[in-house]
Amino acid sequence: CDTHPDAKKIADGLSVKFYQDADNLLSEGVDCVDICVPTKYHTAVALQALENDVDVFVEKPIADTVENGKKIIVEAQKSFAILTRIKTEF
């Protein structure tokens, strides 16, 4: 998903589906999502995906607060999805 004005043009040029929001993406029945949004949005996006039993790769840090991180973990334990944290900095 992307809200950048040029994102659709890029997707069209690569012949891939374009999604502007997570609702539309998740309604397609995807297997997994890689959450690459600013940290303050990790919780909302991760919870939405996990509630739909979609596997989640989340960039480090997992959430903006310990409390939000715990919410994500609890939801992952309730779902049939896999939650994993990845580090992209080298």
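- Taken to the nearest 0.5 Å, the NZ atom of Lys71 stands 7.0 Å off from the OG1 atom of Thr43.
- For Ala11, the side-chain contact (heavy atoms from CB on, under 4.5 Å) criterion is met by Val16, Phe18, not counting sequence neighbours.
- For Asp23, the side-chain hydrogen bond (donor to acceptor under 3.5 Å, both in side chains) partners are Gln48, not counting sequence neighbours.
- Note that OG of Ser79 and CG of Leu50 are 5.0 Å apart. Values are rounded to the nearest 0.5 Å.
- Formation of a donor-acceptor pair under 3.5 Å by the His42 side chain with backbone atoms of Val37 is found in this model.
- Contact detail for Val30 and Val54: the closest heavy-atom pair is O-CG2, 3.8 Å.
- Residue pairs that meet the salt bridge (charged side-chain N to carboxylate O under 4.0 Å, His left out) test with at least one member in residues 7-20, sequence neighbours left out, are Asp6-Lys9, Lys8-Asp12, Lys17-Glu28.
- Qualifying side-chain hydrogen bond (donor to acceptor under 3.5 Å, both in side chains) partners for Asn24, counting only residues two or more places apart in sequence or in other chains: Asp21.
- Residues that satisfy the side-chain contact (heavy atoms from CB on, under 4.5 Å) test with Ile62, not counting sequence neighbours, are Val58, Ile72, Leu83.
- In this structure Lys78 satisfies the side-chain hydrogen bond (donor to acceptor under 3.5 Å, both in side chains) test together with Glu75, sequence neighbours excluded.
- Ile35 and Val74 fall into different hydrophobic clusters, where Ile, Leu, Val, Met, Phe, Trp and Tyr residues are linked whenever their side-chain heavy atoms come under 4.5 Å apart, directly or through other members.
- Here Lys40 pairs with nothing under the salt bridge (charged side-chain N to carboxylate O under 4.0 Å, His left out) rule; sequence neighbours left out.
- A donor-acceptor pair is defined here as one N or O able to donate and one able to accept, closer than 3.5 Å; no such pair exists between the side chain of Asn68 and the backbone of Ala63.
- Clustering ILVMFWY residues whenever any of their side-chain heavy atoms sit less than 4.5 angstrom apart, transitively, puts Tyr41 in the very cluster that holds Tyr19.
- You'll find the side chain of Gln20 reaches within 4.5 Å of the side chain of Thr3, heavy atoms only.
- Residues meeting the side-chain hydrogen bond (donor to acceptor under 3.5 Å, both in side chains) test with Asp34, sequence neighbours left out: none.
- For Thr84, the side-chain contact (heavy atoms from CB on, under 4.5 Å) partners are Phe57, not counting sequence neighbours.
- With sequence neighbours excluded, the residues satisfying side-chain contact (heavy atoms from CB on, under 4.5 Å) with Asp55 are Cys32, Ala81, Ile82.
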